[in-house]
Amino acid sequence: MLLQIKPLIFLNELEFEIKEMQGCTLKAVLKDDRGQVYNTFEREHKGGGLSCKWEGLNDLPYGVYTFEASGGTDAVKARLVKRI
């Protein structure tokens with residue numbers, strides 16, 4: 001799975017794009033530095049590329065988060081910043 005998050009600094013929503021992925025369920029979580037899960041995202045995908053917008057993140061506290069996404073046997077991680 002090739003994942004691109006744009007941008008790595010977010011306010012109220014996250015946009016990310018998956019370039020290559022087999023048909024499966026895409027699952028993503030946002031965790032803080034202590035590993036606490038703050039929000040989850042799940043979407044069925046039939047394969048190929050996928051563009052997603054994760055909305056409703058305005059209630060998250062400001063700070064640094066770890067974005068973890070998995071689909072099938074693939075997984076990716078990225079550090080993100082929620083700012084004012």
Side-chain angles (χ1 to χ4, degrees):
M1 168 173 35
L2 297 173
L3 180 92
Q4 178 182 7
I5 301 171
K6 36 187 188 177
L8 296 177
I9 298 172
F10 68 100
L11 294 172
N12 299 324
E13 63 187 34
L14 268 175
E15 290 186 44
F16 56 97
E17 200 172 294
I18 297 169
K19 302 288 185 184
E20 299 172 16
M21 189 168 132
Q22 300 292 327
C24 62
T25 300
L26 171 69
K27 296 179 183 180
V29 296
L30 279 176
K31 296 180 180 180
D32 67 7
D33 285 340
R34 294 172 288 160
Q36 179 181 352
V37 175
Y38 272 91
N39 211 325
T40 60
F41 177 90
E42 192 170 314
R43 177 174 288 173
E44 291 292 324
H45 182 56
K46 297 188 188 287
L50 175 67
S51 183
C52 297
K53 186 181 279 192
W54 189 348
E55 298 176 320
L57 302 176
N58 52 327
D59 292 336
L60 287 178
Y62 303 114
V64 178
Y65 289 88
T66 301
F67 172 89
E68 296 179 0
S70 63
T73 59
D74 296 331
V76 294
K77 283 186 180 183
R79 288 185 55 89
L80 306 174
V81 176
K82 176 159 184 191
R83 69 174 180 91
I84 298 174

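Position 1 is the first residue of the sequence, and the numbers go up from there.
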For this session: Answer yes or no: is there a side-chain heavy-atom contact under 4.5 Å between W54 and N39?
Result: yes
Exercise. Between CD of E13 and CD of E15, what distance do you get to the nearest 0.5 Å?
Worked result: 5.5 Å
Problem set entry | L30 to L60 - nearest heavy-atom pair and separation | CD1-CD1, 3.7 Å
Problem set entry | Heavy-atom closest pair, residues D32 and Q36 | OD1-N, 2.9 Å
Exercise. Within a strict 4.5 Å, meaning less than it, do heavy atoms of the K27 and T40 side chains meet?
Worked result: no
For this session: Mind checking the CZ-NZ spacing from F41 to K53? Nearest 0.5 Å is all I need.
Result: 11.5 Å
Problem set entry | Distance in Å, R79 CZ paired with L8 CG, rounded so as to fall on 0.5 Å steps | 11.0 Å
Exercise. Within a strict 4.5 Å, meaning less than it, do heavy atoms of the F16 and L26 side chains meet?
Worked result: yes
For this session: Just jot down the side-chain contact (heavy atoms from CB on, under 4.5 Å) partners of D59, sequence neighbours excluded, or say none.
Result: none
Exercise. Same hydrophobic cluster for V64 and I9, using side-chain heavy-atom links shorter than 4.5 Å among ILVMFWY?
Worked result: yes
Seminar exercise, completed: Between I5 and A78, the two heavy atoms sitting closest are CD1-CB, 3.7 Å
Exercise. V76, V29: one ILVMFWY side-chain cluster at the under-4.5 Å cut-off?
Worked result: no
For this session: Look up atom CG in L11 and atom CG in L57, then write down how far apart they are to the nearest 0.5 Å.
Result: 10.5 Å
Exercise. For the residue pair N58 and K82, what are the closest heavy atoms and their distance?
Worked result: O-NZ, 3.2 Å
